[in-house]
Undergrad: 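Questions regarding the structure given below will be posed in turn.
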Number of protein chains: 2
Amino acid sequence: MNIGDVADMSGLPAKTIRYYEDIGLVEPLRSANGYRSFRQSDVHKLAFLGRARALGFTIEDCRSLLKLYADTDRASAEVKQIAEEHLDRIDRKIAELTEMRATLSHLVDACAGDHRPDCPILADLAMEEDKTRTARAAD
Amino acid sequence: MNIGDVADMSGLPAKTIRYYEDIGLVEPLRSANGYRSFRQSDVHKLAFLGRARALGFTIEDCRSLLKLYADTDRASAEVKQIAEEHLDRIDRKIAELTEMRATLSHLVDACAGDHRPDCPILADLAMEEDKTRTARAAD
DNA sequence: GTTGACCTTCCAGCGAATGGAACCCTTATC
DNA sequence: GATAAGGGTTCCATTCGCTGGAAGGTCAAC
């Protein structure tokens, strides 16, 4: 199979597939004309990568996961550890964003959003000495 | 003030402050010896930037916000629009992460995490035809 | 005069692709 | 046989927001 077909089947852009070959995640064969020639197993691997990336695993995680997948003697504990660490990362990210969201939506609500220049958002960012600072302290 | 003092006061690393000068967010003066010489207003601007970045605003947002802050004829609507767009970005990101989290924690829970090789996490990533796929479909 | 803590510039790298240029291969059509 | 469309190839640059490090200049204290 050529790269275009594989792109269609795996849902990954051809560019990304080439990149994945570059960094050693897949190793397609080559046809006589120099075109990459993908086996069924390559397509399967790429789809695996697509799903792992969609779950937010890093490329290095993906590399480990593929290795574990290939190793039928693996311990599921190893896989689970990678997934749990990733889950932690996600939780930390969500917590961070949720905090941002709270502060920001607070400020947005307080802003009239009209033609006048007075703006609690700017006042907060500038840490001006007014009620906005109190609002921040109250968070 | 030299960059080290400003770093301490603003909470930003010196490297970051130099970078912000590079991209035109601050324009400190220069002393005779070539050292950057920061005014009080520069420090204020940098602290503003630090807070805006902590809320997740992009550098380009920050540039706009600084411009609006400097413009006493601004309409608060302009500030609010930037903040609301950012809030949307945050909401979309949170939604994305929350979905990842749900799927992933599902899989983690289903994985024994012991010495045996059987692993629903890998099975799902590989889209193997078993109960895991059903679990995914049920999400 | 020498140490050590500052400061300077410039270049490279992170993650994970993505865009584009310049060029080759294949197939169909005129 | 020429040509055009639609594949494919490589390589280099760019994104975002810094961060690290090398190589060197400056300054105050001892």
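All chains are named by letter (A, B, ...) in the order of the sequence lines, taking the proteins before the strands, and each is independently numbered beginning at 1. Values in this document were obtained by computation on a predicted structure and should not be read as measured data.
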Undergrad: Do nucleotides 1-12 of chain C as a string where each nucleotide becomes B, S or -: B if the base has a protein heavy atom under 4.0 Å, S if just the sugar-phosphate does, - if no protein is that close.
TA: -----BSBBB--

Undergrad: Start with the C-alpha distance between A:Asp61 and A:Arg89, add both sets of side-chain angles, then the distance that settles salt bridge (charged side-chain N to carboxylate O under 4.0 Å, His left out), and finish with yes or no.
TA: CA-CA 12 Å; A:Asp61 283 344; A:Arg89 286 199 304 266; 2.6 Å; yes

Undergrad: Side-chain contact test, heavy atoms from C-beta onward, threshold under 4.5 Å: evaluate it for B:Ile59 versus B:Tyr20 and give yes or no.
TA: yes

Undergrad: Take the protein atom CD1 of A:Ile17 and the nucleotide atom P of D:dG7, then report the distance between them rounded to whole Å.
TA: 14 Å

Undergrad: Step by step, would you call A:Asp42 with A:Lys45 a salt bridge (charged side-chain N to carboxylate O under 4.0 Å, His left out)?
TA: CA-CA 5 Å; A:Asp42 294 319; A:Lys45 227 178 191 178; 5.5 Å; no

Undergrad: With a 4.0 Å cut-off on N to O distance, would you call B:Asp124 and A:Arg51 a salt bridge?
TA: no

Undergrad: Does A:Glu60 form a salt bridge (charged side-chain N to carboxylate O under 4.0 Å, His left out) with A:Arg63? I'd like the steps, not just the answer.
TA: CA-CA 5 Å; A:Glu60 286 318 304; A:Arg63 202 185 294 279; 3.0 Å; yes

Undergrad: Is the closest side-chain heavy-atom distance between B:Leu55 and A:Leu125 below 4.5 Å?
TA: yes

Undergrad: Mind listing the N/O atom pairs, protein and nucleotides 14-17 of chain C, below 3.5 Å?
TA:
{"unit_1": "C:dA16", "atom_1": "OP2", "unit_2": "A:Ile59", "atom_2": "N", "d": "3.3"}
{"unit_1": "C:dA16", "atom_1": "O3'", "unit_2": "A:Arg53", "atom_2": "NH2", "d": "3.3"}
{"unit_1": "C:dA17", "atom_1": "OP2", "unit_2": "A:Tyr20", "atom_2": "OH", "d": "2.6"}
{"unit_1": "C:dA17", "atom_1": "OP2", "unit_2": "A:Arg53", "atom_2": "NE", "d": "2.7"}

Undergrad: Using 4.0 Å as the upper bound for N to carboxylate O, is an ion pair formed by B:Glu99 and B:Arg92?
TA: no

Undergrad: So that I can tick it off, tell me whether A:Asp118 and A:Arg116 are bridged by a salt bridge, with the cut-off set at under 4.0 angstrom between side-chain N and carboxylate O.
TA: no

Undergrad: Send over the distance from B:Asp22 CG to D:dG17 C1', rounded to a whole Å.
TA: 12 Å

